[in-house]
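Structure below; questions to follow.
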Amino acid sequence: MEQTLSIIKPDAVKKGVIGKIIDRFESNGLRIAAMKKIQLDDEKAGGFYAEHKERPFFGELVSFMTSGPVVVMVLEGEDAIMKNRNLMGATNPKEAEAGTIRADFAESIDANAVHGSDSAQSAEREIKYFFSENEVL
């Protein structure tokens, strides 16, 4: 059973589509092994996106991710990382296939509704960043 991290970003939380997004995951064979709604601060968001620290968009990314609450989840299932990435759609919602989360709920390449781990290594690191072992059930 593979695990991946998913974040419902502030834009989607503000729109009130948390339940609709979760339904997409569960309807496609992904089980929620952990979930919490949190407000990121600059330190927590900056640490999560540390790999982008030197990129010009880093400040805007941290600002966006701290602009409202987010929902962080551990999704579990067969081939969970790829399944989640397919459900999310392309990073740019204008390029996302119809019926994907980003095509249906995202506003822009920045406010793109969701984040999902891109590899097994990222998933392991990202899950540990937000959840202790005893929170993942």
Side-chain angles (χ1 to χ4, degrees):
M1 228 18 100
E2 189 174 66
Q3 292 183 332
T4 189
L5 184 86
S6 174
I7 301 176
I8 301 177
K9 294 181 178 182
D11 57 312
V13 172
K14 187 176 182 179
K15 283 183 187 171
V17 295
I18 296 169
K20 291 176 181 180
I21 292 172
I22 289 171
D23 181 56
R24 301 271 179 107
F25 298 143
E26 292 184 323
S27 296
N28 285 280
L30 294 172
R31 186 181 80 79
I32 298 170
M35 180 170 67
K36 55 187 165 185
K37 187 177 188 181
I38 59 175
Q39 175 68 52
L40 297 175
D41 59 19
D42 286 352
E43 183 180 344
K44 191 76 170 176
F48 183 73
Y49 288 109
E51 65 193 72
H52 301 301
K53 194 170 182 73
E54 301 306 317
R55 295 212 165 132
F57 61 81
F58 178 76
E60 289 176 16
L61 176 60
V62 170
S63 179
F64 169 66
M65 291 301 290
T66 59
S67 68
V70 298
V71 176
V72 290
M73 292 176 276
V74 177
L75 302 176
E76 184 175 83
E78 193 171 318
D79 204 21
I81 295 167
M82 190 52 62
K83 191 175 284 187
N84 181 41
R85 294 191 67 75
N86 289 337
L87 289 169
M88 289 190 308
T91 302
N92 183 345
K94 289 177 177 58
E95 298 170 1
E97 286 185 40
T100 62
I101 293 168
R102 288 179 172 146
D104 292 345
F105 303 116
E107 298 169 18
S108 68
I109 198 163
D110 299 318
N112 65 1
V114 286
H115 163 88
S117 304
D118 63 2
S119 68
Q121 295 80 13
S122 292
E124 184 178 351
R125 177 181 53 81
E126 292 176 354
I127 289 167
K128 286 180 181 174
Y129 192 79
F130 287 109
F131 295 96
S132 64
E133 250 180 65
N134 68 347
E135 290 180 301
V136 181
L137 308 172

Can you hop from Ile7 to Phe25 via hydrophobic side chains spaced under 4.5 Å?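 Hydrophobic grouping puts Ile7 apart from Phe25.
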Lys36 bridged to Glu135 by N-O distance under 4.0 Å: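 Salt bridge: yes.
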If every non-hydrogen atom of Glu97 is compared with every non-hydrogen atom of Ala103, which pair is closest and at what distance?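 Minimum heavy-atom contact is O-CB, 3.2 Å.
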Taking the side chain as every heavy atom from C-beta outward, state whether Leu75 and Glu2 have any atom pair closer than 4.5 Å.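 No, side chains not in contact.
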With rounding to the nearest 0.5 angstrom, report the CG to CG distance, Leu87 to Asn28.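 Answer rounded to 0.5 Å: 4.5 Å.
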Any donor-acceptor pair under 3.5 Å from Arg102 side chain to Val114 backbone: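 Here the side-chain-to-backbone pair exists.
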Specify the closest pair of heavy atoms between Gln39 and Gly68, including all atoms of both residues, with the distance to one decimal.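 Heavy atoms only, the tightest pair is OE1-C, 3.2 Å.
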Inter-residue atom distance Ser67.OG - Leu40.CG, 0.5 Å rounding: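 Nearest 0.5 Å value for the OG-CG distance: 9.5 Å.
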Check: Asp110/Ser108 side-chain N/O donor and acceptor closer than 3.5 Å: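 Asp110 vs Ser108: no donor-acceptor pair found between side chains.
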When rounded to the nearest 0.5 angstrom, what is the spacing between CD1 in Ile32 and CG in Leu137?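 So the CD1 of Ile32 and the CG of Leu137 are separated by 12.5 Å.
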Are Leu5 and Ile38 co-members of a hydrophobic cluster defined by side-chain heavy atoms under 4.5 Å apart?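 Cluster IDs for Ile38 and Leu5 match.
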Say you draw a straight line from CZ of Phe58 to NZ of Lys53; how long is it, rounded to the nearest 0.5 Å?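 If we round to the nearest 0.5 Å, Phe58:CZ and Lys53:NZ are 4.5 Å apart.
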Does the side chain to side chain contact (heavy atoms under 4.5 Å, CB included) test come out yes or no for Val71 and Met35, once each step is laid out? CA-CA 7 Å; Val71 176; Met35 180 170 67; 3.7 Å; yes
Can you tell me how far CZ of Arg31 sits from CE of Met1, rounded to the nearest 0.5 angstrom?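 Going from the CE atom of Met1 to the CZ atom of Arg31 covers 8.5 Å.
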Determine whether Met73 and Phe48 fall in the same hydrophobic cluster, where Ile, Leu, Val, Met, Phe, Trp and Tyr are linked whenever their side-chain heavy atoms lie under 4.5 Å apart.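 Different clusters: Met73 never reaches Phe48 through Ile, Leu, Val, Met, Phe, Trp or Tyr contacts under 4.5 Å.
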Quick one: do Lys20 and Asp104 make a salt bridge, cutoff under 4.0 Å?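 Not counted as a salt bridge, because no side-chain N and carboxylate O are separated by less than 4.0 Å.
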Return the minimal non-hydrogen interatomic distance between Thr4 and Ala80, and the atom names on each side.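 Smallest heavy-atom distance, with atoms named: CG2-O, 3.8 Å.
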Looking at Glu51 and Arg125, is any side-chain nitrogen of the basic one under 4.0 Å from a carboxylate oxygen of the acidic one?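 A salt bridge is present here (some side-chain N lies under 4.0 Å from a carboxylate O).
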Cationic tip of Lys44 within the cone over Tyr129's six-membered ring, i.e. under 6.0 Å and within 45° of the normal?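 Judged by the rule (NZ or CZ under 6.0 Å from the ring centre, within 45° of its axis), Lys44 counts as positioned above Tyr129.
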May I have the step-by-step check of side chain to side chain contact (heavy atoms under 4.5 Å, CB included) for Thr100 and Met88, ending in yes or no? CA-CA 5 Å; Thr100 62; Met88 289 190 308; over 6 Å; no
Matching residue for Glu126 among Ser6, Ser119, Ser117 - test: side-chain hydrogen bond (donor to acceptor under 3.5 Å, both in side chains):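 Running side-chain hydrogen bond (donor to acceptor under 3.5 Å, both in side chains) over Ser6, Ser119, Ser117 with Glu126 returns exactly one hit, Ser117.
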Has Arg24 got a side-chain atom pairing as donor or acceptor with Gly99's backbone, closer than 3.5 angstrom?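 Confirmed, Arg24 side chain pairs with Gly99 backbone.
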Heavy-atom distance under 4.5 Å between the side chains of Gln3 and Val136, does that happen here?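 With C-beta onward as the side chain, the pair touches.
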Over all atoms of both residues, closest heavy-atom pair of Ala12 and Ile21: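 Closest pair (atom of Ala12, atom of Ile21, distance): CB-CD1, 3.9 Å.
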Between Glu107 and Lys15 (salt bridge meaning N to carboxylate O under 4.0 Å), is one present in this structure?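 Looking at Lys15 together with Glu107, the answer is yes, because their closest N to O distance falls below 4.0 Å.
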Using the side chain to side chain contact (heavy atoms under 4.5 Å, CB included) rule, take Asp11 and Phe105 through it: C-alpha gap first, then chi angles, then the decisive distance, then the call. CA-CA 9 Å; Asp11 57 312; Phe105 303 116; over 6 Å; no
Donor-acceptor contact present, side-chain Arg85 to main-chain Gly116, <3.5 Å: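 Yes; at least one donor-acceptor contact below 3.5 Å.
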Answer whether the closest heavy-atom distance between the side chains of Thr91 and Ile109 falls below 4.5 Å.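 Sidechains of Ile109 and Thr91: in contact.
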Side chain Ser63, main chain Glu60, donor-acceptor under 3.5 Å: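 A pair under 3.5 Å: no.
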What are the two closest non-hydrogen atoms of Ala45 and Val62, and how far apart are they?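 Looks like CB-CG1, 4.1 Å.
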Checking side-chain contact (heavy atoms from CB on, under 4.5 Å) between Lys37 and each of Val70, Ile8, Val13, Val72, which is the one that passes?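 Of all the options given, the one that passes is Val13.
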Evaluation steps, side chain to side chain contact (heavy atoms under 4.5 Å, CB included), between Tyr49 and Arg55: CA-CA 10 Å; Tyr49 288 109; Arg55 295 212 165 132; over 6 Å; no
For the residue pair Lys9 / Asn112, report whether a side-chain donor-acceptor contact shorter than 3.5 Å exists.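 Their side chains do contain a donor-acceptor pair, which is all the 3.5 Å distance test asks for.
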For the pair Lys83 (side chain) and Leu30 (backbone), establish whether a donor and an acceptor sit closer than 3.5 Å, ignoring hydrogens and angles.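 Not at all, since once roles are kept as given, no pair shorter than 3.5 Å links the two residues.
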Measure the shortest side-chain to side-chain distance between Met82 and Asp79 over non-hydrogen atoms and say whether it is less than 4.5 angstrom.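 Contact flag for Met82/Asp79 side chains = yes.
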